[in-house]
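Heads up, the thing below is written out as structure tokens.
Chain letters run A, B, ... following the sequence lines, proteins first and then strands; every chain starts at 1.
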Amino acid sequence: MNILQALILALVAIGGLAVVLTRDPLHQAMVASFYGILLALLFFVFQAPDVALSQIAIGALALPLMILLALAKIRRKDANEEPRTRP
Amino acid sequence: MNPKVRMAIFVVCGCALFAIFAAGLSRLHPVGFAAGPATTYSEFVNSITVPERRITDAVTAVNFDIRGFDTLGEEYIMFASVLGVMLLLRRQPDERDGAPIDKQKGRRIPSPSDAVRILTISLTGPLVVFGVYIVVHGQISPGGGFQGGMILATAPLMIYLSGEFESLRKLAPRWLVEVAEAIGAGGYVVIGAAGLFASTAFLHNLLPPGQPGDVFSGGTVALLNVTVGLEVAGGFIVLLLAFLEETLVRRDPS
């Protein structure tokens with residue numbers, strides 16, 4: 001394993017932790033998108049360019065879009081009701 | 001169960017899991033090396049992709065030729081999930097559509113700055129060309145219908161960022177995108193069935209294989225990549241339109 005591979009593995013570990021530790025779903029969607037790009041870099045460094053291209057598409061674009069879509073739907077329903085306080 | 005007991009159980013179980021995991025990882029082969037001699041399957045794939053199938057990207061050969069039927073299933077996973085999202089986000093009886101405005105009260109949708117407009121407009125053309133390139137070169141280099149379709153789908157996003165939602169709607173109306181998605185999803189089955197009727201097997205390669213490294217190589221694999229590209233681009237743009245309608249156009253009765 002060379003330095004580049006070790007470095008990207010460490011970055012992915014930190015990125016995964018960052019996704020879990022981000023509590024607000026809106027922020028989490030952005031962090032997850034960044035984590036998706038890190039994963040794509042990991043696949044690229046480990047010589048799987050096909051998978052890396054798919055990962056950019058799914059992890060960095062489609063997944064955050066789906067989360068934002070769900071959040072938009074939920075928040076619009078919420079806006080009509082009484083503003084809730086966080087537990 | 002109080003937090004202290006819970007923490008204690010977690011520490012014990014976590015340590016045990018880490019020990020087993022580390023022991024398992026330590027036996028792994030170095031990165032990039034197979035266990036012992038090359039496995040039979042990888043040898044088989046490498047021995048037929050270039051000489052017989054005339055495809056230089058082994059991953060595409062596996063996805064669209066050797067396991068072409070699996071990819072049909074994967075394409076329909078995408079199709080079914082887009083369908084599910086559209087079903088969940090359909091206009092409810094108590095909702096109505098209005099002119100696209102910002103949800104924040106008393107704020108208009110800010111018009112994009114000149115820098116954003118120039119960047120996005122100048123990126124749109126190259127994105128389309130690059131997406132088509134990735135789709136049609138799937139059998140030669142990394143990429144293919146799925147990845148290229150995703151790149152193609154970002155071009156309308158650029159148009160939205162450079163102007164108004166209405167300009168995106170005019171350029172990529174819902175019916176056009178849905179027709180493209182349907183042609184992509186159906187095209188794969190039609191190509192596969194053509195092989196079944198004209199020859200013996202589903203997805204049998206009917207077209208001349210061409211020369212390895214040529215754009216027109218791989219026979220039907222190139223066509224299958226185009227159908228998947230259409231399907232993925234169409235499906236993703238449908239999702240994008242649904243998102244923008246949900247956030248900008250839908251109104252609750254008030």
Side chain, backbone, both or neither: which part of Leu88(B) has a non-hydrogen atom closer than 4.5 Å to chain A?
backbone

With a sphere of 6.0 Å drawn around CD of Gln47(A), does it hold more than 12 non-hydrogen atoms of other residues, nucleotides or ligands?
no

Taking side chain as everything from C-beta outward and backbone as N, CA, C, O, which of these in Val232(B) sits under 4.5 Å from a heavy atom of chain A? Side chain, backbone, both or neither.
neither

Select one option (side chain, backbone, both, neither) describing which atoms of Asn63(B) are under 4.5 Å from chain A's heavy atoms.
neither

From Glu245(B) atom CD to Leu69(A) atom CG, the distance as rounded to the nearest 0.5 Å:
11.0 Å

Look up atom CD1 in Ile58(A) and atom CE in Met78(B), then write down how far apart they are to the nearest 0.5 Å.
6.5 Å

Chain B heavy atoms under 4.5 Å from Ile56(A): which part of the residue, side chain, backbone, both or neither?
neither

Please say whether more than 12 non-hydrogen atoms of neighbouring residues, nucleotides or ligands are located less than 6.0 Å from CZ in Phe46(A).
yes

In Å, rounded to the nearest 0.5 Å, how long is the span from CG of Leu61(A) to CG of Leu240(B)?
10.0 Å

To the closest 0.5 Å, what do you measure between CG (Leu68(A)) and CZ (Phe243(B))?
4.5 Å

Under a 4.5 Å cut-off applied to non-hydrogen side-chain atoms, are Leu53(A) and Phe146(B) in contact?
no

Would you say CZ of Phe130(B) has more than 12 non-hydrogen atoms from neighbouring residues, nucleotides or ligands within 6.0 angstrom?
no

Backbone of Pro142(B) reached by a side-chain donor or acceptor of Asp50(A) within 3.5 Å:
no

How about Leu25(B): does its CG atom have over 12 heavy atoms from other parts shown lying under 6.0 Å from it?
yes

For Arg67(B), I'd like to know if atom CZ has over 12 heavy atoms of other residues, nucleotides or ligands within 6.0 Å.
no

